Protein chains: 2
Amino acid sequence: MAKQIHSVIPLTLNALKAACSQCNLRELCLPYGLSEQEVEAVDNMVGVRRRIKRQQHLYRAGEAFEAIYAIRSGFFKTDVLLEDGRDQVTGFQMAGEILGMDGISGEAHTCNAVALEDSEICVIPFVHLERLSREIQALQHHFHKVMSREIVRDHGVMMLLGTMRAEERLAAFLLNLSQRFTARGYSPAEFHLRMTRDEIGSYLGLKLETVSRAFSRFQDEGFISVQQKHIRILNIAGLKTLLTHQAS
Amino acid sequence: MAKQIHSVIPLTLNALKAACSQCNLRELCLPYGLSEQEVEAVDNMVGVRRRIKRQQHLYRAGEAFEAIYAIRSGFFKTDVLLEDGRDQVTGFQMAGEILGMDGISGEAHTCNAVALEDSEICVIPFVHLERLSREIQALQHHFHKVMSREIVRDHGVMMLLGTMRAEERLAAFLLNLSQRFTARGYSPAEFHLRMTRDEIGSYLGLKLETVSRAFSRFQDEGFISVQQKHIRILNIAGLKTLLTHQAS
DNA sequence: CAGAGGTGTTGACACAAATCAAACGCTTAG
DNA sequence: CTAAGCGTTTGATTTGTGTCAACACCTCTG
């Protein structure tokens, strides 16, 4: 894991030109109502596509910030490391979501982005994005919304970490995944976890044993069935009850 | 507290025109190197100043989003409420910091912003900001940095909530306040807390009793002296040790 | 096909923080 | 000046989650 030569080597064969105009994730990445001309400008803004293999870093904390990344396919995690070795998974990202906005503030990335499965991303050089944003109002506004959405998401995680108990956190996590898979046309009830129990635990502020126990409990109660990373939600309403109900 | 008539009534007397060009917080709110002409444009972009009295809301979750706010003076908290009554303080903001970016994504605010002392803010209508951002590149980039900084800050809070123990959280909190007061020309070692133990606890994911006990312990150890809301840091290095050291 | 290593589950126990409870001390209002 | 009320401190106890440990399972490699 630590032995990867270095970061990501862009494979020339895979350095295909992206084409937002053709992309089925268009509605996730781009605003509505762009003219043909504007979409073409966006096509030109987006640099290359790049494949990132499982366990490879898309970027690392400390690296110079030059671009943000749109996930075309695959699954990522982002995490922050403390000097003393502790780390915190700050998010899991899937197709259509944007990575790298943490880097804008300090001209360097502040977290690591790691592919949890073989993935494909579009490189969006940031100077290009800013230039085009100055020309296309809808694009500008859309980008602001994307950043704002990230802030709102982070607030949700704070709520989760600050006020919820272990089972509530896991229920919230599963419901969130379910909802995001649904939005991408996958089953709301059945999916594969791309991350380990340890990574889930880090994200939720729990130890992996606690995550495992909560999964087992959910299974015992008939809310879900778990086999390794394969999850089937049997009772969404039941999971939701865990969330709203538990006022202490 | 719940009886305030409604939100914030702009007092016409206080609806003074802001003047960024004259503002001593200029370097916090604005990019370097704007031309005179550009600063004047920014002056025009910023709407009015508004006074918010202690315990008044600057905005509430659900209200339409129309502007972001720069704090001229004073102190705020932001918090998110869950249906079941739980709430999470998501941040404390002081002079020169920006409030309201959570509202961009959904056209409505997603959290509440409450003044913790009598405060003064500059209203920045968002359409104006976007318009001017399209004209002044430095302003655009600066705003992107501000949003990104908020994301990075949120990651820090996640780290805190996800991996730290009670005393580490409080130490991190005090050091962060100290550093921000310092940046504003106040004493790094002596300050007044504007928030209650309960609010600190909510922010740090702890109960108020735990916060109180941690304060007492810090005092016993000679790191700080506490008298109600008056804090004096006696041993910054000691507090820092609490952070780096505690790898479990 | 076997073995190794990474990953996940489960149990026993320890411990940090929550909870419950009482009292104290500021601050505010009459 | 006094009383009321909120915020804070401190103590006793409970409890949820962490820790440590053993084992089972799955996957990949040779």
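Note on naming: letters A, B, ... go to the chains in the order of the sequence lines (proteins, then strands), and numbering restarts at 1 for each one. Given the structure is predicted, the values throughout are model-derived calculations rather than measurements.
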> Given atom CZ of A:R86 and atom P of D:dG18, what is their separation to the nearest angstrom?
Replying inline: 14 Å
> Less than 4.5 Å apart, any side-chain heavy atom of A:L28 and any of A:E97?
Replying inline: no
> Could you walk me through whether A:F173 and A:V211 pass the side-chain contact (heavy atoms from CB on, under 4.5 Å) check?
Replying inline: CA-CA 11 Å; A:F173 173 71; A:V211 173; over 6 Å; no
>> I need the CD-P distance between A:Q227 and D:dT27, as an integer number of Å.
In response: 11 Å
> Is it true that atom CZ of A:R184 has more than 12 heavy atoms of other residues, nucleotides or ligands lying nearer than 6.0 Å?
Replying inline: yes
>> If you only use heavy atoms from C-beta on, which nucleotide in C:dA16, D:dT17, C:dG8 is closest to the side chain of A:S212?
In response: C:dG8
> In whole Å, what is the span from the CZ atom of B:R197 to the C1' atom of C:dG25?
Replying inline: 13 Å
> What is the distance, rounded to the nearest whole Å, between atom NZ of B:K229 and atom P of D:dT9?
Replying inline: 10 Å
> To the side chain of A:S216, which of D:dT9, C:dA18, C:dT10 is closest?
Replying inline: C:dT10
>> Side chain of A:K207 only, heavy atoms from C-beta on: which candidate in D:dG16, D:dA12, D:dT19 is closest?
In response: D:dT19
> CD of B:E167 versus P of C:dA18: gap in Å, rounded?
Replying inline: 13 Å
>> Does B:G205 reach a base, just sugar-phosphate, or nothing at all? Heavy atoms under 4.0 Å.
In response: sugar-phosphate
> Out of C:dT19, D:dT8, C:dT9, which has the shortest distance to the side chain of B:E209?
Replying inline: C:dT19
> How about B:V157 and B:Y203: do any of their side-chain heavy atoms sit closer than 4.5 Å?
Replying inline: yes
> In Å and rounded to the nearest 0.5 Å, what is the CE to CG distance from B:M158 to A:L204?
Replying inline: 11.5 Å
> Between the two end axes of the helix from C:dC1-D:dG30 to C:dG30-D:dC1, each built from 5 base pairs, what angle do you get to the nearest 10°?
Replying inline: 40°
> Can you check the B:D198 CG to D:dT9 C1' distance for me, whole Å?
Replying inline: 14 Å
> Can you tell me how far C1' of C:dC26 sits from NE2 of B:H230, to the nearest Å?
Replying inline: 16 Å
> Over how many whole Å does the gap from B:F218 atom CZ to D:dT10 atom P extend?
Replying inline: 14 Å
>> C:dA18, OP1 or OP2 - any side-chain N/O from B:T210 closer than 4.0 Å?
In response: yes
>> Nearest to the A:L208 side chain among D:dT8, C:dT9, C:dT10, which nucleotide is it?
In response: C:dT9
> Out of C:dA16, C:dA12, D:dT17, which nucleotide sits closest to the side chain of A:R213?
Replying inline: C:dA12
